[in-house]
Asks: 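One structure, pasted below without further comment.
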Amino acid sequence: QVQLVESGGGLVQAGGSLRLSCAASGRTFDTYVMGWFRQAPGKEREFVAAISRNGGSTIHADAVKGRFTISRDNAKNTVYLQMNSLKPDDTAVYYCGAGRGYRVTTRLGEYDYWGQGTQVTVSS
């Protein structure tokens, strides 16, 4: 089992940047595919980005491609989401998830563990 704690959210103006972090407990972090999802008020949780166990493969949602970058540091048990050129539509609670599968995936149901989320608010 792994416990996840997100941090780095906040209020930023449109065009600004934030870097989210997700710290994982335990010694098996490198056995999990990691992903970032977000949920805006009244909407379903949606995929943002995911990264393979060794960091060699990533997927980014079309809505964030070219602006957001997922990365991980297995020595620090941490996954990051660098968010640049933020837009008001990026406003949401951002969650990181850990999946025990072997493939990088966009599918919500394939993530087994979740953090509590961190709020990102982008003002216009």
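From a predicted model like this one, the values you see are computed outputs, not experimental measurements.
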Asks: So if you build clusters from Ile, Leu, Val, Met, Phe, Trp, Tyr with side-chain heavy-atom gaps below 4.5 Å, do Ile70 and Tyr113 land together?
Replies: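 The answer is yes; both residues are in one hydrophobic cluster.
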
Asks: Ring centres under 6.0 Å, that's the criterion: do Trp36 and Phe68 meet it?
Replies: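 That pair fails the under 6.0 Å test.
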
Asks: Assess Arg107 against Phe47: is NZ or CZ under 6.0 Å from the centre of the six-membered ring, and within 45 degrees of the ring's axis?
Replies: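 Checked: cation-pi criterion not met.
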
Asks: Could you check Glu46 against Leu108 for side chain to side chain contact (heavy atoms under 4.5 Å, CB included), going step by step and ending with a plain yes or no?
Replies: CA-CA 8 Å; Glu46 65 174 5; Leu108 185 71; over 6 Å; no

Asks: Within a strict 4.5 Å, meaning less than it, do heavy atoms of the Arg38 and Val64 side chains meet?
Replies: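 SC-SC contact between Arg38 and Val64 confirmed.
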
Asks: Are Met83 and Tyr94 close enough that some pair of their side-chain heavy atoms sits under 4.5 Å apart?
Replies: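 They are in side-chain contact.
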
Asks: Which distance, rounded to the nearest 0.5 Å, do you find between the CG of Asp62 and the NE2 of His60?
Replies: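 Atom-to-atom, Asp62:CG and His60:NE2 are 11.5 Å apart.
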
Asks: With a 4.5 Å heavy-atom cut-off, do Leu4 and Met34 have their side chains touching?
Replies: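 Side chain of Leu4 against side chain of Met34, heavy atoms only: contact under 4.5 Å found.
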
Asks: Please name all residues satisfying ring pair (Phe, Tyr, Trp, His ring centres under 6.0 Å) with Phe29, sequence neighbours left out, ordered by chain then number.
Replies: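 Phe29: no ring pair (Phe, Tyr, Trp, His ring centres under 6.0 Å) contacts found.
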
Asks: Can you pull the disulfide bond (SG atoms under 2.5 Å apart) pairs that have at least one residue in residues 11-107, sequence neighbours excluded?
Replies: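 As it turns out, the disulfide bond (SG atoms under 2.5 Å apart) pairs with a partner in residues 11-107, which skip direct neighbours, are Cys22-Cys96.
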
Asks: If you round to the nearest 0.5 Å, how far is CD of Glu110 from OG1 of Thr105?
Replies: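 The distance works out to 4.0 Å.
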
Asks: Whether Arg53 and Asp30 form a salt bridge (side-chain N of Lys/Arg under 4.0 Å from carboxylate O of Asp/Glu) is what I want to check.
Replies: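 No.
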
Asks: Please answer: with hydrophobic residues joined when any side-chain heavy atoms are less than 4.5 Å apart, are Tyr95 and Val2 in the same cluster?
Replies: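 No, Tyr95 does not connect to Val2 through the hydrophobic network.
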
Asks: Side-chain polar contacts of residues 7-20 - donor-acceptor pairs under 3.5 angstrom, sequence neighbours left out - could you list them?
Replies:
| unit_1 | atom_1 | unit_2 | atom_2 | d |
| --- | --- | --- | --- | --- |
| Ser17 | OG | Asn84 | OD1 | 3.0 |

Asks: Between Ser52 and Ser57, is there a donor-acceptor pair closer than 3.5 Å when you use the side chain of the first and the backbone of the second?
Replies: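 Yes.
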
Asks: Taking the ring centre of each residue, are Tyr111 and Phe37 less than 6.0 Å apart?
Replies: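 Judged by ring-centre distance (under 6.0 Å), Tyr111 and Phe37 do meet the cut-off.
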
Asks: Report yes if some heavy atom in the side chain of Val33 is under 4.5 Å from a heavy atom in the side chain of Ile51; otherwise report no.
Replies: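 In short, these two side chains do not touch, never coming nearer than 4.5 Å.
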
Asks: Quick check: does any side chain N or O of Thr91 sit under 3.5 Å from a backbone N or O of Val122, one acting as donor and the other as acceptor?
Replies: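 Answer holds: yes.
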
Asks: Do Asp90 and Lys87 meet the salt-bridge criterion of a basic N to acidic O distance under 4.0 Å?
Replies: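 Answer for the salt bridge query: no.
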
Asks: Mind checking whether Gln3 and Trp114 have side chains closer than 4.5 Å, heavy atoms only?
Replies: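 Side-chain contact under 4.5 Å: no.
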
Asks: The test is side chain to side chain contact (heavy atoms under 4.5 Å, CB included); show your working for Tyr32 and Arg100 and say whether it passes.
Replies: CA-CA 5 Å; Tyr32 292 95; Arg100 292 174 292 186; 3.4 Å; yes

Asks: Taking atom CD of Gln39 and atom CD of Gln119, what is their separation to the nearest 0.5 Å?
Replies: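 If we round to the nearest 0.5 Å, Gln39:CD and Gln119:CD are 11.0 Å apart.
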
Asks: With Lys76, which of Asp73, Val79, Asn74 fulfils side-chain contact (heavy atoms from CB on, under 4.5 Å)?
Replies: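 Between Lys76 and the candidates, side-chain contact (heavy atoms from CB on, under 4.5 Å) is satisfied uniquely by Asp73.
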
Asks: Before giving the answer on side chain to side chain contact (heavy atoms under 4.5 Å, CB included), spell out for Val104 and Thr58 the whole-Å C-alpha distance, their side-chain angles and the decisive distance to 0.1 Å.
Replies: CA-CA 7 Å; Val104 184; Thr58 62; over 6 Å; no

